[in-house]
Amino acid sequence: MSLQIKHSMLAPQFKDQSREQLISILASSTQTSKAKNTSTKIYWNESFYGLSKSKIYTDLPEDKKHEILYQLNQKGLCLSYFIEKYGLNYGAKMVLSSETVEEKSLYTVFGADEVRHRLLLEPFIQMQIPDNIEFHPLLPLLALTLEEANKEATTFVIQVVLEGFGIYHYANLRDACQSEELKNAYTEILKDEVNHHGMGVCLTANKQMTTETKQQITELTSKFVRALIKTEWTQQSVEAAYGGFSVKQKQDFLKEISWQEQMQLRVERLKALMKKVGFAGLVDDLEAKGVFQIN
Ligand SMILES: [Fe+2]
Ligand SMILES: [Fe+2]
């Protein structure tokens with residue numbers, strides 16, 4: 001029997017009367033409560049998105065400002081939901097493609113960790129979860145990596161680069177979060193993500209890699225860096241509430257929220273992660289190809 005590797009981000013719900021029972025067993029096994037949070041609370045405020053410095057934003061009516069923050073909060077949570085759900089088949093692929101008992105064991109625990117992360121975040125998601133993965137440019141790339149890349153390239157791209165970046169991103173989310181419960185959820189998640197990243201670093205640092213692996217790493221990392229620089233949710237949400245931007249207004253807005261500086265910081269983080277495992281050559285390659293260019 002041959003298994004087809006497919007991502008699990010759109011895995012459907014179990015459709016049977018026994019679903020509730022399965023959910024209870026899952027909550028008990030993962031020690032997560034299934035309490036549903038129903039308030040339309042704002043978890044991250046203007047300053048988190050750089051919006052408090054924007055006159056275009058602060059001049060908007062209160063209800064529009066609230067809607068922008070609510071949408072940005074919820075979209076961010078949905079993005080995490082998809083990434084954590086991706087961990088199901090990621091763990092499975094890596095268990096099956098590992099040979100050693102240590103790696104198989106670690107990837108089994110890895111999968112369970114990602115399940116717990118998703119369950120910890122789910123109570124805070126109030127918007128309808130999108131039914132396609134195109135809603136953020138990172139998600140189709142996650143699918144591509146899982147379905148096409150070999151084990152070594154997958155480990156580097158997902159665990160070293162993305163989970164390394166994820167630690168920085170989740171720590172920012174935790175530190176700026178207005179809800180104690182959600183803050184605690186991120187603290188729990190971060191403990192595991194440090195292990196997932198550490199494991200990726202351990203498995204790839206200064207390792208000899210085949211030409212094919214190097215090619216896959218260069219190609220996928222380039223795409224991920226571009227996707228991380230291309231995120232435009234903040235600008236799109238404010239632009240929609242404002243009723244459209246002229247070219248000049250868009251430039252002014254990006255300047256107001258220090259978009260260039262935010263992206264520069266992101267790029268520096270990504271470069272540091274690649275260098276950490278002895279991949280300075282990769283940074284040079286991507287630099288030469290203009291992958292880190294912000295504009
Ligand atoms: Fe996770
Ligand atoms: Fe993880």
Side-chain angles (χ1 to χ4, degrees), residues 5 7-11 26-27 29-34 43-44 73-98 102-125 129 133 136 138-139 141-146 149 151-175 177 181-205 220-221 224 227-228 269-270 273-274 276-277:
I5 300 173
H7 77 82
S8 46
M9 286 181 278
L10 296 174
L26 188 57
S29 321
T30 53
Q31 298 188 328
T32 47
S33 86
K34 52 174 189 164
Y43 303 117
W44 296 279
N73 281 202
Q74 289 295 314
K75 280 183 179 176
L77 283 166
C78 283
L79 177 61
S80 297
Y81 166 89
F82 275 123
I83 294 173
E84 304 298 355
K85 198 170 165 189
Y86 174 81
L88 294 167
N89 280 14
Y90 180 82
K93 170 181 169 172
M94 300 310 269
V95 170
L96 292 175
S97 38
S98 300
E102 289 81 6
E103 285 172 277
K104 283 180 184 294
S105 308
L106 279 164
Y107 280 120
T108 301
V109 177
F110 183 112
D113 290 343
E114 304 298 5
V115 170
R116 209 165 55 87
H117 300 171
R118 190 184 83 250
L119 297 176
L120 282 166
L121 295 177
E122 264 180 0
F124 301 94
I125 303 178
I129 293 167
I133 58 169
H136 192 285
L138 269 186
L139 304 178
L141 290 175
L142 287 175
L144 177 73
T145 308
L146 189 80
K151 177 178 174 262
E152 290 72 26
T154 306
T155 310
F156 178 82
V157 173
I158 302 296
Q159 289 176 249
V160 175
V161 180
L162 287 177
E163 292 204 292
F165 184 79
I167 292 173
Y168 156 74
H169 179 61
Y170 275 8
N172 282 343
L173 286 168
R174 178 201 54 199
D175 295 345
C177 187
E181 290 151 298
L182 187 50
K183 218 184 226 308
N184 293 339
Y186 280 108
T187 302
E188 286 297 304
I189 295 172
L190 273 160
K191 282 185 214 157
D192 298 331
E193 298 299 359
V194 167
N195 288 336
H196 299 174
H197 173 64
M199 178 190 167
V201 170
C202 181
L203 291 172
T204 49
L220 289 165
T221 311
F224 274 110
L228 282 165
R269 287 269 156 190
L270 289 163
L273 285 166
M274 292 171 215
K276 187 172 171 181
V277 286

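Whatever order the structure lists ligands and atoms in, that order sets their numbers, starting from 1. These figures come from a predicted structure and were not determined experimentally.
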Take the angle between the ring planes of Phe165 and His169 and call it parallel below 30°, perpendicular above 60°, tilted in between.
parallel
For N/O/S atoms only: which one belongs to His117 and is nearest the Fe ion (ligand 1)?
ND1
Short side-chain donor-acceptor distance under 3.5 Å, Thr145 and Tyr90:
no
Report yes if some heavy atom in the side chain of Ile133 is under 4.5 Å from a heavy atom in the side chain of His7; otherwise report no.
yes
Tyr107 vs Ser97, side-chain hydrogen bond (donor to acceptor under 3.5 Å, both in side chains): CA-CA, chis, key distance, verdict:
CA-CA 10 Å; Tyr107 280 120; Ser97 38; over 6 Å; no
Hey, which N, O or S atom on Glu163 ends up closest to the Fe ion (ligand 2)?
OE2
Considering only N, O or S atoms of Glu114, the one closest to the Fe ion (ligand 2):
OE2
To the Fe ion (ligand 2), the closest N, O or S atom belonging to His196 is ND1
Which atom of Glu84 approaches the Fe ion (ligand 1) most closely (N/O/S)
OE1
Minimum side-chain heavy-atom gap Leu220-Thr154 below 4.5 Å
no
In Glu193, what N, O or S atom is nearest to the Fe ion (ligand 1), if we give its atom name?
OE2
